[in-house]
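Structure first, then comments.
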Amino acid sequence: MPTPYEKARDDNIKRNRETLLALGLDELKTYIPPKTAKKDVAPTAKSRKRKSPSLQDSKEEDESGAKVLRTHATQDITNASGVRRSARNAGKTVDYKSEVIKTLPEVISTAAKNAQNSEGKKTSERRHTPKQYGHIPDVEVGHWWPTREACSADSVHAPWVAGIAPGKDGAYSVCLSGGYEDDVDEGYAFTYTGSGGRDLKGTKIAPKNLRTAPQSSDQTFDNNFNRALKVSADTNKPVRVVRGFKNRSEYGPEEGYRYDGLYQVINAWTERGLNPGGYLVCKYTFRRLPNQPLIPTRVLDGSPLASEGSSEGEDENDDEDQDRDAASSEG
DNA sequence: GGGCCCGCAGGG
DNA sequence: CCCTGCGGGCCC
């Protein structure tokens, strides 16, 4: 017998999922790589078998020198003594040497301080401003970082903690980190919950100085972050989306944070949130822009999801050259 | 595992 | 300066 909370949660999830699936997502799941002169040849023998659903597989043999990303499979991502990198691994025994080889790129920094971007530059030496709409130059869809700090250093999502990066004409970017249980992520569309309404400071007698906390009051669109996303729904500016490992869907990365490309906010509303006080939350529906690389999927623990990916047995998109020429920025 | 408390980015 | 915020390291 489900508790009232569980019932409310499941109702919300069911309703949200139906909304998302009604958006016609199938057309977004077929990415046809641009035909280049060099590659416009039927792949007779598949030279390389895709090792993982990861998007950031290297383009090692690209003679044009335009290679952007590379998977440093042999890099030992732990420190010499297997230092724990973050709370996500607390208590877990993970054999990175064997596991990581499949998917993860090189970990750039294990320290919160001096976060480096993918070029070894620090946040203060960003090459691009994060305050722009659309893709960040040279950062491919599928790019992966170990931490929010590293993602910030690459200008894709600037805040280290906040899920929304607000701008005048809408949000520049959001991060999906599974902060709200009734958010639904169908990959090519998802629902998102705003911020605010949390008591971060505690009381005078018991000050907290927290960064996140349970809901304790209503969220409104007066909040900067929430207003920005509402504006996004009006201006249709593209929003960069980063998925984090806390995202409880098959579309979340197993570790770290991954850039999943551009989305549009297509709806914004408020509703009674899934919190004990029944406080209002701001909700949004996001839909992915077409012509972007497919999103990697994973198998959730203890969940009988279909095996990974959507293309086991389909060969059309087997080519790894999924260039990032999706919807352009600005409009 | 959970609690604490910090730095940092960005806006007012 | 102040405030906020779906991190993360450290200690227990």
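Chain letters run A, B, ... following the sequence lines, proteins first, then strands; residues in each count from 1. Just the heavy atoms: all of them, side chains too, but no hydrogens, waters or symmetry mates, feed the values below.
- Here A:K131 pairs with nothing under the salt bridge (charged side-chain N to carboxylate O under 4.0 Å, His left out) rule; sequence neighbours left out.
- The CD-C1' distance, from A:Q215 to C:dC6, rounds to 12 Å in whole Å.
- Salt bridge status for A:E186 with A:R287: absent, with no side-chain N to carboxylate O gap under 4.0 Å.
- Following rounding to the nearest Å, A:N224 (CG) and C:dC6 (P) show an atom-to-atom distance of 13 Å.
- Atom CG of A:D26 is separated from atom CG of A:L21 by 9.0 Å, given to the nearest 0.5 angstrom.
- Among the nucleotides C:dG5, B:dG11, C:dG8, the one closest to any side-chain atom of A:E149 is C:dG8.
- In terms of position on DNA chain B, the residue among A:G167 and A:V161 whose nearest nucleotide sits closer to the 5' end is A:V161.
- As rounded to whole Å, 7 Å separates atom P of C:dG5 from atom CZ of A:F225.
- Between A:F221 and A:Y284, the ring planes lie perpendicular to each other; the angle is over 60°, past the 30° to 60° tilted range.
- Contact annotation for A:Y192: base contact, defined as any heavy-atom pair under 4.0 Å involving a base atom.
- What separates CG of A:D222 from P of B:dG12 is a distance of 13 Å, to the nearest Å.
- Nearest nucleotide to the side chain of A:K208, out of C:dG5, B:dC4, B:dA9: B:dC4.
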CA sep, side-chain torsions, deciding dist, call: A:V156, A:W145, side chain to side chain contact (heavy atoms under 4.5 Å, CB included): CA-CA 11 Å; A:V156 172; A:W145 305 270; 3.6 Å; yes
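- Checking B:dG10, C:dG7, C:dC6 against the side-chain heavy atoms of A:P130 singles out B:dG10 as nearest.
- Considering all non-hydrogen atoms of both residues, A:W144 and A:E255 come closest at NE1-O, 2.7 Å.
- Distance from the side chain of A:A158 is smallest to B:dA9 among B:dA9, C:dG8, C:dC6.
- Counting to the nearest Å, the P atom of C:dG8 and the CD atom of A:E255 are 12 Å from each other.
- Counting any heavy atom pair closer than 4.0 Å across all strands shown, A:L210 reaches a base atom.
- Residue-environment remark: CZ (A:R272) stays at or below the threshold of 12 foreign heavy atoms within 6.0 Å.
- Within the 4.0 Å cut-off from OP1 or OP2 of B:dA9, not a single side-chain nitrogen or oxygen of A:R148 is found.
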Given the rule that a pair is Watson-Crick or G-U wobble with both distances under 3.5 Å, how would you write DNA chain C in dot-bracket, using | for pairs to a different strand? |||||.||||||
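- Interatomic distance, CG of A:D260 versus CD1 of A:I295, reported as 5.0 Å (0.5 Å rounding).
- Nucleic acid contact class of A:N209 (heavy atoms, under 4.0 Å, all strands): base.
- Residue A:K131 has its side chain nearest to B:dG10 when only B:dG10, C:dT4, B:dC8 are considered.
- Atom name C1', nucleotides C:dC6 and B:dG12: the rounded distance is 23 Å, in whole Å.
- Screening A:L229, A:N226, A:N223 for a side-chain contact (heavy atoms from CB on, under 4.5 Å) with A:C282, the sole residue that qualifies is A:N226.
- Counting any heavy atom pair closer than 4.0 Å across all strands shown, A:G244 reaches no nucleic acid atom.
- Base contact: A:D183 has a heavy atom under 4.0 Å from a base atom.
- Spacing between atom CH2 of A:W160 and atom P of B:dG11 amounts to 17 Å, rounded to whole angstrom units.
- Nearest nucleotide to the side chain of A:P166, out of C:dG5, C:dG7, B:dG11: B:dG11.
- A donor atom on one side chain and an acceptor atom on the other are not found under 3.5 Å apart for A:R9 and A:N12.
- Between A:N226 atom CG and B:dG10 atom C1' there is a gap of 15 Å when expressed in whole angstrom units.
- The phosphate of C:dG8 has OP1 or OP2 within less than 4.0 Å of a side-chain N or O from A:Y257.
- If you check residues 175-182 of chain A against DNA chain C, the residues with a heavy atom closer than 4.0 Å are A:S177, A:G178, A:G179, A:Y180, listed by number.
- Here the side chain of A:R126 is nearest to one of B:dG11, C:dG8, B:dA9, namely B:dA9.
- A distance of 9.0 Å separates CG in A:L23 from CG in A:N267, rounded to the nearest 0.5 Å.
- Taking atom CG of A:L200 as the reference point, atom P of C:dG7 lies 13 Å away to the nearest angstrom.
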